[in-house]
Amino acid sequence: MEESLHVENIKNEFFANISHEFKTPLNIILASLQVINHNIFNKNIKFSKDFNLKKYTNSIKQNSYRLLRLANNLIDITKIDSGYYEIQPKNCNIVSIIEDITISVAQYMKDKGIDLIFDTSFEEIIISCDPDKIERIMLNLLSNAVKYTKSPGIINVFIDKTEDTVIISVKDTGIGIPKENISIIFERFIQVDDTLTRKCEGSGIGLSLVQSLVQMHSGKIAVYSTKDIGYEFTFTLPLQTINNSDIIYNINEDSHSKLDKCNIEFSDIYSLY
Ligand code: ADP
């Protein structure tokens, strides 16, 4: 037992270290790319009109983001496994957090020919949650929904509440998941289509991370799907607040960092080219 715990710790530490090592060069690549793009914009870099430079700089950016997402996800699941991952709950309006993050990916949906519908039964529901992690959950679910939904398709985001819970659902009209696979999709590194010829990119970490984040909020997740009709993912969070603590209405986040977050979480979807 002791020996296997020791091996597990070494493995976790190795994953954490190697993932951090991936992030440093990736950030340098992205910063250099920013300088190049800035100089293209200022016409300091000359290139032939026939050469589609934008296509290649976008490719570098998107694939760097994909690696960054993978590194971030690996760091997070390693932290969760070793008990070092913490959420920072605040009293906030969950409706506006969900609405804002949903609206920020609307352009991606439009580009892919997918209709995004946001609906809520309440304008304001104050609960204790970590806005950053709620955004992470939503971006993962929305990116999966886009990934597995063909145009013309519809993605619905709906918020409701009961006496003691908030219910958030993300529903798509995509390929769905065969019933026999529903129980395994939250497992780590699992992909329903694991063939070499599969149509969508991914690592199978997203949903396992989402499940852990929901559970850290004392919430629950469930998935309903019928093959060929689509998929509905519903998570519930307890309707409770932190006593004697202010309500945070303005989540401090500039639009650039939100855009970056969206680009990173949506990087498995090839739409930038
Ligand atoms: P990945 O990075 O592969 O998307 P996830 O953990 O997010 O990893 O998802 C695990 C698997 O669950 C996916 O590979 C896919 O087979 C299935 N899946 C997730 N979301 C959907 C969806 N909206 N429609 C169909 N299949 C889905």
Side-chain angles (χ1 to χ4, degrees), residues 15 19 22 62-81 85 98 101-102 105 108-109 112-118 133-158 168-216 219-235 261-271:
F15 265 127
S19 309
F22 276 129
Q62 178 144 18
N63 285 287
S64 303
Y65 277 153
R66 288 184 63 198
L67 285 175
L68 205 55
R69 177 175 185 242
L70 187 59
N72 284 343
N73 282 351
L74 276 174
I75 290 173
D76 288 349
I77 54 169
T78 325
K79 271 196 200 157
I80 289 172
D81 282 355
Y85 198 92
I98 303 282
I101 200 72
T102 305
V105 297
Y108 277 98
M109 310 278 183
K112 275 207 70 180
I114 293 168
D115 280 336
L116 177 64
I117 300 168
F118 173 83
K133 309 297 181 290
I134 299 293
E135 282 184 357
R136 194 88 187 272
I137 293 170
M138 283 305 291
L139 284 176
N140 259 294
L141 296 179
L142 287 167
S143 73
N144 272 347
V146 183
K147 223 195 275 187
Y148 299 103
T149 303
K150 279 199 218 94
S151 164
I154 302 171
I155 295 173
N156 272 288
V157 175
F158 183 61
I168 298 131
S169 85
V170 178
K171 188 174 173 183
D172 66 48
T173 54
I175 58 168
I177 307 162
K179 269 204 176 72
E180 63 274 20
N181 290 330
I182 285 202
S183 58
I184 57 164
I185 59 163
F186 290 107
E187 282 173 32
R188 202 169 292 169
F189 309 125
I190 287 289
Q191 291 179 311
V192 173
D193 180 2
D194 59 0
T195 56
L196 285 175
T197 53
R198 70 165 184 263
K199 291 170 209 74
C200 297
E201 304 286 341
S203 57
I205 300 180
L207 282 181
S208 124
L209 188 65
V210 163
Q211 186 179 43
S212 301
L213 292 177
V214 171
Q215 285 168 350
M216 284 179 150
K220 288 191 184 122
I221 42 174
V223 58
Y224 311 94
S225 170
T226 319
K227 193 162 169 26
D228 295 328
I229 296 184
Y231 146 110
E232 179 173 3
F233 182 96
T234 302
F235 66 100
K261 272 189 208 167
C262 296
N263 281 335
I264 292 173
E265 293 297 342
F266 273 63
S267 55
D268 279 344
I269 306 153
Y270 286 106
S271 64

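All ligand and atom numbering here is 1-based and tracks the order in the structure.
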>> For G176, state whether at least one heavy atom is located under 4.0 Å from any atom of ligand 1.
In response: yes

> Quick check: are there more than 12 heavy atoms from other residues, nucleotides or ligands sitting under 6.0 Å from NZ of K171?
Replying inline: no

> Should the heavy atoms of other residues, nucleotides or ligands under 6.0 Å from OH of Y85 be counted, would the total exceed 12?
Replying inline: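 Enclosed.
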
>> Nearest 0.5 angstrom please: Y231 OH to N144 CG, how far?
In response: 5.5 Å

>> With heavy-atom distances below 4.0 Å as the criterion, list the atoms of ligand 1 near K147.
In response: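 Checking each atom against K147, I get 1 (P), 2 (O), 4 (O).
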
>> Taking 4.0 Å as the limit for heavy-atom contacts, which would you say applies to V210 with ligand 1: side chain only, backbone only, both, or neither?
In response: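 Looking at V210 and ligand 1, no heavy atom falls under 4.0 Å.
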
> Donor-acceptor pair, K112 side chain versus V146 backbone, under 3.5 Å?
Replying inline: yes

> So between L141, I175, V223, L207, whose heavy atom ends up nearest atom 6 (O) of ligand 1?
Replying inline: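 Checking each option, the heavy atom nearest atom 6 (O) of ligand 1 is found in L207.
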
> Short N/O distance, under 3.5 Å, between N144 and ligand 1?
Replying inline: yes

>> Are any of the N/O atoms on S208, whether in the backbone or the side chain, positioned under 3.5 angstrom from an N/O atom of ligand 1?
In response: no

> Is V214 close to K133 at the side-chain level, that is, under 4.5 Å between some pair of heavy atoms?
Replying inline: no

